[in-house]
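Reading through the structure tokens given below for one structure.
All ligand and atom numbering here is 1-based and tracks the order in the structure.
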Amino acid sequence: MAEWFTEQLAIVPGMRAQIEVTKKLASERSQFQKLEVYETTSLGRMLVLDDVIQCTEFDEQSYHEMICQVPLFAHPNPQKVLIIGGGDGGSVRECLKHKSVQEVHLCEIDKRVVDLCLEHIPSMAGKVTDPRVHCHYEDGAAWAKNHPDTYDIIIVDSSDPIGPAEVLFQFPFYESCRNALKSDGILATQAENFLLHAKIIKELLSFGKKLFPISRYYYTQVPTYPGGMIGFTFFSRKHAHDELVDKRFAESGIKAEEFRFWSVDFHKKAFTLPGATMRDFYS
Ligand code: SPM
């Protein structure tokens, strides 16, 4: 019998979202957080961590394609990628679309996220067992700090800045990520909703400005997140987001049909924000 899952927005008091669910496929508490997987009425399977919707099969591609493909197509030759968080495997799947990528290091603090998603949402997690993927069940902040000058791309595929992910929204972590990148490396991070969380985003952009020559914010639509959209920081040591994308896509051998959301055009336009937000973030 159908029931409603409700997400109460911790950082926006008085706002909530509801999704109708038909079955609870998994529910447990790990050392780090509460984990749940649901079958929904019309949005496929859904992963929920600490009562916050992380992804549904309906629109997870929008989030994962955009957090991964934008830095990957902005880089001249991405070979070694670090994903911090991302235990659901959606970002791993996206990185492996690139033949140039030789190694993906998935640093997820909670192994149970990976296990549950492999079992219940294989459309998203199935590529985690690929031989190019190396799983490290460790603290991502410590991992970045201990691996200087190592990665072409770092993707911080985190939950919200409450609970285990809080440290991933603080300056020392961004400094470690900058140092863990090679000299032309790119960092993309989950960076919330530009209308609901402008204060958090401005703080992240201020970290970026101190550490990187290129510091930008872009976004995409995810209807199943309260607010309907989510954004990302794009911090680059050398190349701008739109400098190489046409050439890189043309030469990648990847077909446009492999993406539901990402395209060269969408990549470029995702950085365009409303006028007031542009002034607020960049002036
Ligand atoms: N691999 C997918 C992980 C998704 N992580 C981001 C989840 C953000 C959910 N909340 C967004 C809106 C409320 N702050």
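- Of the charged side-chain nitrogens involved, none lies within less than 4.0 Å of a carboxylate oxygen, so that Arg45 and Asp88 do not count as a salt-bridged pair.
- Electrostatic pairing of Glu65 and Arg260 does not count as a salt bridge here, judged by no charged N lying under 4.0 Å from a carboxylate O.
- Taking the ring centre of Tyr137 as origin, the terminal cationic atom of Arg112 falls outside the region bounded by 6.0 Å and 45° from the ring axis.
- Between Trp143 and Tyr151, the ring centre distance reaches or exceeds 6.0 Å.
- Pairs engaging residues 14-52 under the ring-ring contact (aromatic ring centres under 6.0 Å, His included) rule: Phe5-Tyr38 [sequence neighbours left out].
- A salt bridge links Lys97 with Glu94: the distance from a Lys NZ or Arg NE/NH1/NH2 to an Asp or Glu carboxylate oxygen falls below 4.0 Å.
- The protein residues lying under 4.0 angstrom from ligand 1, judged by non-hydrogen atoms, are Val52, Ile53, Gln54, Tyr63, His64, Asp88, Asp157, Ser158, Asp160, Gln190, Glu192, His197, Tyr225, Ile230.
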